[in-house]
Amino acid sequence: MAQTTLPKETEQKIYQMWEEGGYFKADPDSEKKPYSLLMPPPNLTGKLHMGHAMQHSILDALARFKRMQGYDVLLLPGVDHAGILFEGTLNKQLAKENLSKQKLGRDAWMEKAWAFKEENYNAFHNTWKVIGVSADWSREVFTFQESVQQSVVEEFRKFWDQGLLYKGAYIVQWCPKCGTAIEDLEMEYEERKEKLYYVKYAVEGKSEEFVTIATARPETIFADSAIAVYPGHPEFQQYVGSLVINPLTGAQIPVIEDKRVDKDFGTGALKITPGHDPLDYEVGRDHDLPMFHAIDKTGHMTHLAMYGDGKDDTMEGFTITEARSRSEAILQERGAIEKIEEYTHSVPVCERCKTTVEPLVSEEWFVKMKDIAAKAIEHIGEINFAPKHYEEMLSDWLSKIHDWSISRSLWWGHRIPVWYCENSNPGHKVGKDQDLVISFAKPEVACSCGAQNWVQDEQVLDTWFSSGMWPLVTLGWPEKTKEFTKYFPFDFELTSPDIRYLWIARMIMLALHFEDSIPFKNMFFHGRLLDLQGRKFSKSLGNGIDPDELREAWGTDAMRMTLYSYSAPGRDAKVNRQIMDERCKSYRNFATKLQNLARFIYELKPEETDGESSGQHEDDTKMRERMQGVIKEVTGYIDGFQLHLAVDTLYSFVWHEFADIYVESTKSRRAQAQETLEYIFSTSLTLLHPFMPFVTEDIYQRLYPEEARKAPLMIKTWPK
RNA sequence: GGAGCUAUAGCUCAGUUGGUUAGAGCGUUACAUUGACAUUGUAAAGGUCACUGGUUCGAGUCCAGUUAGCUCCACCA
């Protein structure tokens, strides 16, 4: 007796049969009405996990359902190059071989990167195919393939022509480990117990008078350019306009007043360090304060970290942690510390590598988002969200949007397609008149110096700059291909709620901006599978469940059914391996039930009619009516993306209404009921196919060899 | 500080538009077994649907509030 729903080899054979039959392929030339589904491209790191298995199972069920309903279905697959994540993962691996970006250099590193890409990429295909995804593999897209690179250049060029791009030195969140700017959305906060230092700044000319500030980061005192107090500070107001002495550098800095200083925090006075804090950056800008950098992009102290005139009075090269304790010691020595408090606060860390993020000023590219977001807000109602309330959440976020920082100091990504004339000293300002060309390849024209001394911008684009275009680039944008005409906007897209702002909001904005259209008609947010404590599955926690293991243990169809049972829109579920096994087991048993029903109904068919009239018994009529009801219910549930209800309905109908009650009741009048038995069973098989494609196809092939020779169950007409 | 989600059987979850005795899987208990199926069947135990109030002929379902948990956004000198 089989342990799984079907032997692996049988599943493989069936998949191969489908694929060779060309049933996965969309046909833009066909007369059939289109139904297009877009696979969220998994990140090119590691293997596919339970969340992917969930997404792909849902997509596949819908695709199969629509195909059976006679649509020309396009299930478009692809993979995301996952800029920062991929680069981080690769660098970690390289570190084990004692290699690094620096050691390898760009070209050698890229070679490694492409090899790593291949490795991951192939692993993806295996998982996809074994779980039965009926995607049109001939149209698969990788976000870093050349055609997409060309599309991204067009995207960039259009933004530029529309005056929506700008480049400049702004304060950004910088991850020293990844070596790049990241966005607010790519940070998370870690609660940390640190110290809050109350530091005294002596008032110039009055050695006994001080302005005291509270800071958690004494190492940034080197880059202070002012002290700000809130307006009307009872103690410090009198010093506004005076100078105070920086207790580390000895520099004189002004005391200013600013209403952004919180009078309830610390002493009501704030040191202003425009180079290393976003709020200070703004205050500094508004007060025309100079900007200093005491910390560099690698997280080490710069030459500004001088606390005396001596050659050795420097912290240059110190890490931030080292500099902090050293600064504390020096301030103590100098009597500049009034007190130190225990202080628990949240520290921003890089979501990818958990390194503390340093705000600093860097030269980056930005897209002006206000108008783009406004248009998205205007049209977002045209998208049908499941669950409904996500529409408002996205709309809220869009209304509070800020400019999008799109450049990343990485190598794995779409290179910014901007070429500067090497000799024209592009400097740090980029304006429309700059000697600059937007181009995928090196421009062939002469630049201002008369030769072709073009150099390309060193940075790459944020990975979401290309994935935000996913619904467009997968259909050949900006070309108006026949695929684009037929399949855009997509009928269905889904994702985990985690990336609704990073990704979903971007796709909506970009499609409306460039094509005046929503990117998809239905947007489905599935819930997440969490561990019993409600934590996300992660490598570091080791709490993940490998979909491959479930598949091996119970069979693909059993795993798919389990995932559908957890697919209620927007509902998370807490599971562990045991709970998943229990569900899988019940669906594996269900598959066995189907096989046994098939054997009973078809193989143990009565030879002769047993004298009963072949006319229908009252039970038969009732059963057929009930079947009609089930068809309606299931169709309705799938149309409403309630796969969990569809699956539930079929499970209890087939097992408990049909097998347990009806089939039992026909044993005394078997011949008379035979026709109805076959009708109910084959119809159920058809209805189950989108969810349990392998078992149902396998049974169908055996029971209906004649029909199956012409066409598999996969494209049998959906019952009405 | 702002927003959202969740609370139903021992566990994990369903419960479509408010309508008789609130469901499933697993678990528990008793019984059944040689003609499709022990990967089974029959039956049973187990729920004041978080709490309080409201709307209604009628509320797990709608409204308000309370409590608890989770998530997101903003801020964190």
Side-chain angles (χ1 to χ4, degrees), chain A residues 1-5 184-185 188-189 191-192 194 196-199 213-218 220 224 227-228 260-262 265-273 276-280 283 343-348 387 389-390 392-394 396-397 400 402 497-498 500-501 525 527-530 532-536 554-555 558 561-562 565-568 570-576 578-605 633 636-637 640 642 644-649 651-652 655-656 659-661 663-664 667 677:
Chain A
M1 278 293 179
Q3 280 273 257
T4 55
T5 44
D184 293 353
L185 286 170
E188 51 189 39
Y189 288 85
E191 190 106 312
R192 280 205 203 134
E194 293 190 331
L196 188 62
Y197 304 83
Y198 286 74
V199 182
I213 58 91
T215 182
R217 307 199 54 193
T220 64
D224 284 356
I227 296 294
R260 282 166 287 196
V261 180
D262 182 354
F265 188 91
T267 62
L270 171 66
K271 77 187 195 67
I272 301 298
T273 318
H276 296 297
D277 184 277
L279 175 66
D280 296 9
V283 173
Y343 182 50
T344 305
H345 65 150
S346 307
V347 179
H389 69 268
Y390 276 77
E392 210 183 314
M393 290 169 71
L394 282 163
D396 276 0
W397 184 81
K400 286 184 283 189
H402 42 256
D498 303 8
R500 59 183 179 268
Y501 302 130
F525 290 93
R528 295 165 308 165
L529 294 175
L530 306 168
L532 287 181
Q533 282 97 59
R535 299 174 304 182
K536 274 198 258 188
W554 304 105
M561 289 293 271
T562 301
S565 76
Y566 282 113
S567 74
R571 304 270 281 201
D572 295 345
K574 284 181 260 180
V575 299
N576 59 14
Q578 187 199 335
I579 289 168
M580 291 301 278
D581 276 337
E582 281 167 5
R583 288 236 170 172
C584 284
K585 184 177 158 193
S586 74
Y587 289 117
R588 191 274 319 265
N589 293 353
F590 181 60
T592 309
K593 195 73 174 175
L594 288 176
Q595 317 249 32
N596 279 308
L597 276 167
R599 187 182 317 151
F600 177 70
I601 295 169
Y602 293 82
E603 290 170 25
L604 304 176
K605 214 186 266 205
E633 277 176 46
Y637 287 143
Q642 305 217 280
H644 61 299
L645 296 179
V647 158
D648 205 49
T649 303
Y651 179 94
S652 68
W655 198 322
H656 303 302
D660 288 348
I661 300 171
V663 173
E664 287 303 320
K667 283 183 177 168
L677 285 168

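A note on names: the letters A, B, ... follow the listed sequences, proteins ahead of strands, and every chain is numbered from 1. It should be emphasised that the depicted structure is a prediction, and the values quoted were computed from it without experimental measurement.
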Heavy-atom closest contact ([X] atom, [Y] atom, distance):
X      : Y      : result
A:H345 : A:E194 : NE2-OE1, 2.8 Å
A:G570 : A:P387 : CA-CG, 3.8 Å
A:L597 : A:A659 : CD2-CB, 4.0 Å

Select from A:L270 and A:A573 the residue whose nearest nucleotide in RNA chain B is closer to the 5' end of that strand.
A:A573

When you match A:P278 and A:I661 each to their closest nucleotide on RNA chain B, which lands nearer the 5' end?
A:I661

In whole angstrom, give me the gap between the [atom1] atoms of [N] and [M].
N      : M      : atom1 : result
B:rU52 : B:rU48 : C1'   : 13 Å
B:rG53 : B:rU67 : C1'   : 15 Å
B:rA22 : B:rG15 : C1'   : 8 Å
B:rC70 : B:rU8  : P     : 15 Å
B:rG27 : B:rC13 : C1'   : 15 Å
B:rU29 : B:rA9  : C1'   : 15 Å
B:rU28 : B:rC37 : C1'   : 24 Å
B:rC75 : B:rA7  : C1'   : 30 Å

Taking atom [atom2] of [N] as reference, at what distance in whole Å does atom [atom1] of [X] sit?
X      : N      : atom1 : atom2 : result
A:K574 : B:rC13 : NZ    : C1'   : 11 Å
A:Q533 : B:rC70 : CD    : P     : 12 Å
A:Y189 : B:rG1  : OH    : C1'   : 14 Å
A:D396 : B:rU71 : CG    : C1'   : 15 Å
A:D572 : B:rC70 : CG    : C1'   : 8 Å
A:H644 : B:rG15 : NE2   : C1'   : 8 Å
A:N576 : B:rC13 : CG    : C1'   : 13 Å
A:K271 : B:rC76 : NZ    : C1'   : 15 Å

Using a 4.0 Å heavy-atom cut-off, does [X] contact any base of the nucleic acid, only the sugar-phosphate backbone, or nothing at all?
X      : result
A:S346 : base
A:Y566 : sugar-phosphate
A:L185 : sugar-phosphate
A:I272 : nothing
A:Y198 : nothing
A:V347 : nothing
A:A659 : base
A:W554 : nothing
A:E392 : nothing

Side chain proximity check, A:T215 to A:T273, heavy atoms < 4.5 angstrom:
no

Is A:D277 close to A:V283 at the side-chain level, that is, under 4.5 Å between some pair of heavy atoms?
no

By side-chain contact (heavy atoms from CB on, under 4.5 Å), A:P348 pairs with (sequence neighbours left out) A:M187, A:Y189, A:V357

Which residues share a side-chain contact (heavy atoms from CB on, under 4.5 Å) with A:Q642, sequence neighbours left out
A:Y637, A:H644, A:L645

With a 4.0 Å limit, can you tell me whether [X] has a side-chain N or O closer than that to the phosphate oxygens OP1/OP2 of [N]?
X      : N      : result
A:K593 : B:rG41 : yes
A:W397 : B:rA3  : no
A:R500 : B:rC72 : no
A:K667 : B:rA36 : yes
A:R571 : B:rC13 : no

Selection from [options] that lies nearest to any side-chain heavy atom of [X]:
X      : options                : value
A:N596 : B:rC13, B:rU39, B:rA36 : B:rA36
A:V575 : B:rC37, B:rU39, B:rU12 : B:rU12
A:D660 : B:rA14, B:rA36, B:rG41 : B:rG41
A:R599 : B:rA74, B:rC37, B:rG15 : B:rC37
A:V663 : B:rC76, B:rU39, B:rA36 : B:rA36

Taking pairing as Watson-Crick or G-U wobble with both contacts under 3.5 Å, can you name the mate of B:rA24, or confirm there isn't one?
B:rU12

Does A:D498 come within less than 4.0 Å of A:R528, counting only side-chain N to carboxylate O?
yes

Axial cation check for A:Y651 ring with A:K593, 6.0 Å and 45° limits
no

For A:E392, does the CD atom sit with more than 12 other heavy atoms under 6.0 Å from it, leaving out its own atoms?
no

Under 3.5 Å: donor-acceptor pair, side chain of A:D572, backbone of A:G527:
no

Taking protein heavy atoms under 4.0 Å as touching, what does nucleotides 16-26 of chain B look like 5' to 3' if B marks base contact, S marks sugar-phosphate-only contact and - marks none?
B--------SS

